[in-house]
Amino acid sequence: MALIKFDDARTAKYIDPSVKKECMELAGSAREVLRSGTGEGSDFLGWLRLPFDYDREEYSRIKAAARKIRSDSEVLVVIGIGGSYLGARAVIDALTEAFPKENSGTKVVFAGNSVSPVYLSSLVEFVKDRDFSVNVISKSGTTTEPAVTFRVFRKLLEDKYGEEGAARRIYATTDKARGALKSLADAKGYETFVIPDDVGGRFSVLTPVGLLPIAAAGIDTDSLIGGARAEAEFLDKAEGLQNPALQYAAVRNILYGSGRAVEILENYEPGLHFITEWWKQLFGESEGKQGKGIFPAGCDFTTDLHSMGQYIQEGPRIMFETVLTVEDPVKDVTLEATGDDLDGLNYLAGRTMDFVNKQAAEGTAMAHYDGDVPVLKISFDALTPECIGALLYFFEYSCGVSGYMLGVNPFNQPGVEAYKKNMFRLLGKP
């Protein structure tokens, strides 16, 4: 049984059944290319089997390191950019309290994903009087944003705990054998974890890249991996319209072919904001090549209905929407009647906030579909590690299939080097 469900009922007037049937066949063919490893980028398919074939010994070390961090650190500073932080942040934001109680465990914060002096200074001020550790994540150790940030926090740790004490609080997730960070870690005695050679950054959330910060946040990584494994088993066996990942890949390619070049991933839970940010990198970096690709955008509803709703409702018809729906909230609030009813809301007495949220989502989908916007729906039961693990794998699998259907290599990113060359020249790098 699939943990992730897909519904494209609100695309019916845009998609001819014969076209959908043909595109589903193409999706099936693309899946075979993915599974057989015969397509472009096949050297980076390690993520396909990660829920089954991960390194058990290293995973035990990850759990031990997370326990140590939770015992000796009020804060864990995760230093990385792109795929080196987005997956972990997506999972942590989705599965932890928005407003945690004091002394509720190690707080995981993120740095090295920008070169903002204001953010960096504020974070230094936040951690300097607290016990903290650092997890620096970089394949090479020379990516500018995390490298300059690590310089700052390495010195802060060494000044606070001494060189040997700092070494016990620095965890390096990097290449298994080479690179500047690996060399430094070996020289200083940092505990290291491996970024697999066959897993690209945006697909790396279930490697040590994501698992150490997630475990340090107190999240059940066994259940996270288990959810991904259950989804992988289902998607590998399900055929045709019984396979939600193939449906999603096929429908988005049909809509793209009809001129819908923007996809808006929407949610009605603030905790899913960084799932959207991770998804944007996953699909944008995988498909945006050779003048092709759907532009991935995101909205947090109902919040963004008060800023973007007008554009979506009546702007250019260049977009379609994919709505992430959580069926059962982890917590809920029941509305009560008031004596004065000044706001006129007594008719909702006895109803829950989840009921209001669901009706807002349904009403919005109806309005946008009536306004000529195709609306897809991806749903799962609850914000649990199992469901989030399944959702991550669902999107990765769909992305691989969709990229091959589009005719690009979904696993490289040749265009991201251009800005770096200009930046290095302007900085005066030798």
Side-chain angles (χ1 to χ4, degrees), residues 44 46-47 50-51 53-70 72-73 75-92 106-113 123 132-154 157 166-219 221 224-225 228 274 278 281-282 392 396:
F44 291 93
W47 59 271
L50 266 181
D53 297 339
Y54 57 92
D55 184 329
R56 265 63 176 180
E57 186 277 329
E58 184 175 46
Y59 183 53
S60 295
R61 288 198 301 112
I62 288 171
K63 286 182 165 183
R67 286 193 296 270
K68 179 178 180 297
I69 291 167
R70 289 178 65 77
D72 68 13
S73 301
V75 180
L76 172 66
V77 181
V78 178
I79 299 175
I81 194 167
S84 293
Y85 95 100
L86 278 171
R89 182 152 192 185
V91 174
I92 291 169
T106 301
K107 182 175 179 62
V108 179
V109 298
F110 296 88
N113 48 63
L123 184 54
F132 73 99
S133 295
V134 166
N135 176 206
V136 56
I137 306 168
S138 176
K139 186 79 168 170
S140 65
T142 58
T143 303
T144 303
E145 296 91 339
V148 297
T149 302
F150 181 51
R151 276 198 172 203
V152 172
F153 282 96
R154 175 186 161 197
L157 280 169
R168 291 191 293 271
R169 290 176 173 271
I170 296 174
Y171 304 84
T173 307
T174 188
D175 191 86
K176 65 182 177 182
R178 60 185 183 274
L181 181 55
K182 174 61 175 171
S183 297
L184 178 65
D186 288 346
K188 296 288 188 179
Y190 306 154
E191 183 163 10
T192 60
F193 301 96
V194 175
I195 301 174
D197 289 335
D198 59 354
V199 181
R202 58 190 178 275
F203 290 85
S204 67
V205 61
L206 295 179
T207 73
V209 170
L211 291 175
L212 178 56
I214 291 166
I219 293 167
T221 51
L224 186 78
I225 295 169
F274 271 93
W278 170 81
Q281 184 194 4
L282 180 68
L392 297 172
E396 290 175 348

Q: Could you check V78 against L212 for side chain to side chain contact (heavy atoms under 4.5 Å, CB included), going step by step and ending with a plain yes or no?
A: CA-CA 10 Å; V78 178; L212 178 56; over 6 Å; no
Q) Do side-chain atoms of E58 reach the backbone of V194 as a donor and acceptor pair under 3.5 angstrom? A) yes
Q) What's the shortest heavy-atom distance between L76 and A216, and which atoms? A) CD2-CB, 3.7 Å
Q: Please work out whether the ring planes of Y85 and F110 are parallel, tilted or perpendicular, with thresholds of 30° and 60°.
A: tilted
Q. Counting distance only, does the side-chain N/O of R169 pair as donor-acceptor with the main-chain N or O of S73 below 3.5 Å?
A. no
Q. More than 12 non-hydrogen atoms from neighbouring residues, nucleotides or ligands closer than 6.0 Å to CZ on F274, yes or no?
A. yes
Q: For the pair R56 (side chain) and Y54 (backbone), establish whether a donor and an acceptor sit closer than 3.5 Å, ignoring hydrogens and angles.
A: yes
Q) For the atom pair CD1 (I69) and CZ (F132), what is the distance rounded to the nearest 0.5 Å? A) 12.5 Å
Q: Could you walk me through whether F150 and I170 pass side chain to side chain contact (heavy atoms under 4.5 Å, CB included), step by step?
A: CA-CA 10 Å; F150 181 51; I170 296 174; 4.0 Å; yes
Q: Quick one: closest heavy-atom pair of V108 and P213, and the distance?
A: CG2-O, 3.9 Å
Q) Going by heavy atoms in the side chains, are I137 and I195 under 4.5 Å from each other? A) yes
(Q) Do L206 and L224 make a side-chain contact, defined as non-hydrogen atoms from C-beta onward lying under 4.5 Å apart? (A) yes
Q: Of all the heavy-atom pairs spanning D175 and K182, show the shortest one and how long it is.
A: O-CD, 3.6 Å
(Q) Looking at every heavy atom in both I225 and P51, which two are closest together, and how far apart are they? (A) CG2-O, 3.7 Å
Q. Is the backbone N or O of S138 less than 3.5 Å from a side-chain atom of T174, with the two atoms forming a donor-acceptor pair by type?
A. yes
Q | Identified side chain to side chain contact (heavy atoms under 4.5 Å, CB included) counterpart of V205 within the set V199, L50, V91 | A | V91
Q) What pair of heavy atoms forms the shortest contact from I81 to P146, and how long is it? A) CG2-CD, 4.1 Å
Q: Indicate yes or no: at least one non-hydrogen side-chain atom of R154 is less than 4.5 angstrom from one of V136.
A: no
Q: Nearest 0.5 Å please: distance from the OH atom of Y190 over to the CG atom of L184.
A: 4.5 Å
**Q.** R61 NZ/CZ over Y59 ring centroid, <6.0 Å and within 45° of normal
**A.** no
Q. How many angstroms lie between CZ in F203 and CG in L282, if you round to the nearest 0.5 Å?
A. 5.0 Å
Q. Is there a donor-acceptor pair under 3.5 Å between the side chain of K139 and the backbone N or O of G201?
A. no
Q | Verdict with reasoning, T207 to T173, per side chain to side chain contact (heavy atoms under 4.5 Å, CB included) | A | CA-CA 10 Å; T207 73; T173 307; over 6 Å; no
Q.
For the CG atom of N113 and the CG atom of L86, what is their distance to the nearest 0.5 Å?
A. 8.0 Å
Q) Which distance, rounded to the nearest 0.5 Å, do you find between the CD1 of I62 and the CD of E191? A) 9.5 Å
Q. When rounded to the nearest 0.5 angstrom, what is the spacing between CZ in R178 and OG in S140?
A. 10.5 Å
**Q.** A111 to F153 - nearest heavy-atom pair and separation
**A.** CB-CE1, 4.4 Å
Q. With a 4.5 Å limit on heavy-atom distance, are the side chains of W278 and L392 in contact?
A. yes
(Q) Within the supplied structure, the quantity of interest is the number of heavy atoms (other residues, nucleotides, ligands) at a distance under 6.0 Å from K107 NZ; does it exceed 12? (A) no
Q.
For a side chain to side chain contact (heavy atoms under 4.5 Å, CB included) check, start with the C-alpha distance between K176 and D197, then their side-chain angles and the critical distance, and finish with the verdict.
A. CA-CA 8 Å; K176 65 182 177 182; D197 289 335; 3.4 Å; yes
Q: Using modelled atom types only, decide if a donor and an acceptor are shared between the side chain of R202 and the backbone of G83 within a distance under 3.5 Å.
A: no
